Amino acid sequence: MNQLKQLRPAVVVVGASRGIGRSIAKVAARERGAVVLVARSTEGLAAAAMDVRSAGGEAFTLALDLLAEDASSSLQEFLSANDLVCDVLVNSAGYGLRGAATTLPLGDQLGMIDVNIRALSEMTLRFLPGMVARRSGGVLNLSSIAGFTAGPNMALYYASKGFVRSFSEALHQELRHTGVTVTCVAPGPVSTEFLETSGAGQARLFKVLPKVDAEYVAEHAWRGFKSGRRLVVPGISAKLTAFAATFLPAVVRLPLIGRLQRRSSDLCACGSGKKFRECCGAR
Ligand SMILES: NC(=O)c1ccc[n+]([C@@H]2O[C@H](COP(=O)([O-])OP(=O)(O)OC[C@H]3O[C@@H](n4cnc5c(N)ncnc54)[C@H](OP(=O)(O)O)[C@@H]3O)[C@@H](O)[C@H]2O)c1
């Protein structure tokens with residue numbers, strides 16, 4: 001007689017080899033269930049798996065490049081092969097690039113669309129229908145305070161995070177009363193490798209804004225997700241920045257961000273106002 005396999009619910013963390021994703025995996029592991037860790041770095045995944053086990057969870061690792069076209073189907077096959085079903089999906093994989101859009105390499109900029117937007121959307125849309133059918137679980141997507149405004153000198157990154165916020169908030173609304181939650185997390189600067197690899201850490205904006213650590217973001221993100229929140233902005237400084245980004249008029253906000261997002265060493269001594277516009281305003 002054919003027996004239906006009992007599938008076990010898993011928390012799947014995409015972008016779990018370091019940073020915020022690794023910290024969220026550790027927090028999720030306290031619930032003592034299965035946690036599937038996904039990223040490219042096998043070393044990072046092995047370290048994250050140790051965190052998960054020491055927090056009481058059962059760790060599974062899958063080395064996967066989200067730039068591969070079959071990434072989401074490979075993840076689905078991995079889950080099926082281990083008798084797991086994606087109950088909670090955390091999309092934390094992402095990268096950024098600081099610099100003028102006309103000077104940054106085209107391929108690296110388009111890669112941000114592939115990882116930050118396409119892969120996140122594909123993972124979300126692949127696993128959400130099953131959650132809705134089971135009336136359980138949900139999706140936690142990493143946006144940023146960058147998702148509240150356009151960001152000169154980091155244009156595509158800000159746009160990608162704006163997409164994540166818009167997409168996640170719309171899904172949150174669509175899924176009301178289904179038993180499934182979509183939560184968007186929008187942190188300010190977080191002390192992870194991201195600040196160095198993106199070049200954001202060299203910009204005055206990221207030097208001025210206070211940084212929080214990944215564990216702090218993870219605790220807030222998980223608690224917000226568990227209580228069904230639409231949007232989580234961890235910390236008072238990030239909340240104030242998001243507020244300013246929403247309400248400052250574009251004519252003030254865009255030159256300010258553009259200027260603050262240049263490297264300190266890129267800035268000349270032209271000052272502000274008319275002198276600044278003549279000297280650096282077009283950059
Ligand atoms: N740090 C901040 O200041 C900050 C602030 C706001 C929002 N965020 C957002 O939070 C998320 C996590 O950032 P983080 O600070 O934790 O960054 P991070 O430390 O650089 O970690 C990024 C994660 O994404 C994975 N990843 C990147 N490209 C991938 C690819 N092609 N395939 C598979 N995995 C990939 C990395 O794993 P591998 O390299 O091993 O593949 C790593 O696990 C990002 O979406 C970021 O935009 C960060």
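Here the structure is a predicted model, which is why all the values come from computation and not from measurement. Each residue takes its place number in the sequence, starting with 1. Remember, it's 1-based here, ligands and their atoms both numbered in the order they're listed.
- Under the 3.5 Å distance criterion, the side-chain polar atoms of Thr241 are matched with a main-chain donor or acceptor of Ser237.
- Salt-bridge annotation for Glu215 and Arg22: absent, with no side-chain N of the basic residue lying under 4.0 Å from a carboxylate O of the acidic one.
- In this structure a side-chain-to-backbone donor-acceptor pair under 3.5 Å is missing from Ser17 to Ala39.
- A salt bridge links Glu58 with Arg8; the closest basic N to acidic carboxylate O contact falls under 4.0 Å.
- Listed as neighbours of ligand 1 are Gly15, Ala16, Ser17, Arg18, Gly19, Ile20, Ala39, Arg40, Ser41, Leu64, Asp65, Leu66, Ser92, Ala93, Gly94, Val115, Leu142, Ser143, Ser144, Tyr157, Lys161, Pro187, Gly188, Pro189, Val190, Thr192, Glu193, Phe194, Leu195, each bearing a heavy atom under 4.0 Å from the ligand.
- Relative to the ring axis of Tyr157, Arg98 does not place its NZ or CZ within 45° and under 6.0 Å from the centre.
- Panel note: side chain Lys211, backbone Phe206; a donor-acceptor pair is recorded below 3.5 Å.
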